[in-house]
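Since the structure comes first, as structure tokens, the remarks are kept for the end.
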Amino acid sequence: YGVCSLSAENWKKRPGWSLLFSMSQPGSDGTMPEPEEAPASLPGDAGQPSPKTWYPLILAAVLVVVDQITKAIIVANVPLFYESGFRIEVIGDFLRIIHARNLGIAFSIGDGLPFVVRKVLFVAMPIVVLLVLVVSLYRSPELTQRQRWFVAAILGGGIGNIIDRIFRPLGVVDFID
């Protein structure tokens, strides 16, 4: 059951989509039917989502705060791994705490790109993606409450990394190795 699991029937009920579906389905005489007016809201919608829709955003906010606090602790107390080799072994070599910086994305992909390109690709585009997630969280009647909590966790992590990319010139602080 995916995030984008709206059925064709539900999409037909969305404003603006009836024309698209009617264009793809000509009448028996070959003419195009007139587009139908879309309902103001889907069945079960009262025009606005319930407050429960927004509860997962509390998780996102908490994750952003915890993310920034833990990164501040690491920056203040753990020397950069690349310069010192310092690490805290939590579970042998399986789980270690280190202080690393990442100018790119996962696995330092793109860290050699010019500054402006990195800002566009790694700040502006993720902001657009996060805004799409917030809109999906708010507008999608198909998301289960559990899916909303997972989307909120992704939002929290994404916002934390964007904060690092904007305010930490050395890059995103990574510390779980």
Around Phe150, counting heavy atoms of other residues, nucleotides and ligands shown, do more than 12 lie under 6.0 Å from its CZ? no
If every non-hydrogen atom of Arg118 is compared with every non-hydrogen atom of Leu103, which pair is closest and at what distance? CD-O, 3.4 Å
Interatomic distance, CD1@Ile74 vs CG@Leu80, rounded to 0.5 Å, equals 11.0 Å
Side-chain heavy-atom pair Phe175, His99 within 4.5 angstrom cut-off: no
Does Asp67 use its side chain to pair, donor to acceptor, with the backbone of Leu63 at less than 3.5 Å? no
Just verifying a value: how many Å separate Ile98 CD1 and Ile176 CD1, rounded to the nearest 0.5 Å? 10.5 Å
Can a donor-acceptor pair be found, under 3.5 Å and without considering hydrogens, that links the side chain of Glu89 to the backbone of Leu95? no
Could you tell me whether the side chain of Gln147 and the main chain of Thr144 form a donor-acceptor pair under 3.5 Å? yes
Examine distances only and state if a side-chain atom of Arg148 and a backbone atom of Leu137 form a donor-acceptor pair shorter than 3.5 Å. yes
Give a yes or no on whether Leu57 and Val62 share a hydrophobic cluster (residues Ile, Leu, Val, Met, Phe, Trp, Tyr; joining criterion: side-chain heavy atoms under 4.5 Å apart). no
Looking only at heavy atoms, the pair that brings Trp149 and Tyr55 closest together is CH2-O, 3.8 Å
So, do Arg96 and Val90 sit near enough that their side-chain heavy atoms are less than 4.5 Å apart? no
Nearest-0.5 Å distance, CZ of residue Arg168 to CG of residue Asn102: 13.5 Å
hydrophobic_cluster_shared for Leu121 and Val128, side chain cutoff 4.5 Å: no
Can you find a heavy atom in the side chain of Arg101 that is under 4.5 Å from one in the side chain of Val173? yes
Any side-chain heavy atom of Leu133 sitting closer than 4.5 Å to one from Leu130? yes
For Pro79 against Ser84, the heavy-atom pair lying closest together: CB-OG, 3.6 Å
Sub-4.5 Å side-chain heavy-atom contact between Asp177 and Ile97: no
Should Val151 and Ile127 be regarded as members of a common hydrophobic cluster, given that ILVMFWY residues are connected when their side-chain heavy atoms come within less than 4.5 Å of each other, either directly or indirectly? yes
Mind checking whether Ile69 and Val172 sit in one hydrophobic cluster, side chains of I, L, V, M, F, W, Y counted as touching below 4.5 Å? no
Are Val134 and Ile162 connected in the hydrophobic side-chain network, where two residues link if heavy atoms are under 4.5 Å apart? yes
Can you tell whether the side chains of Lys71 and Asp164 come within less than 4.0 Å, N to carboxylate O? yes
Return yes if some donor-acceptor pair links the side-chain N/O of Arg165 with the main-chain N/O of Phe122 below 3.5 Å, else return no. yes
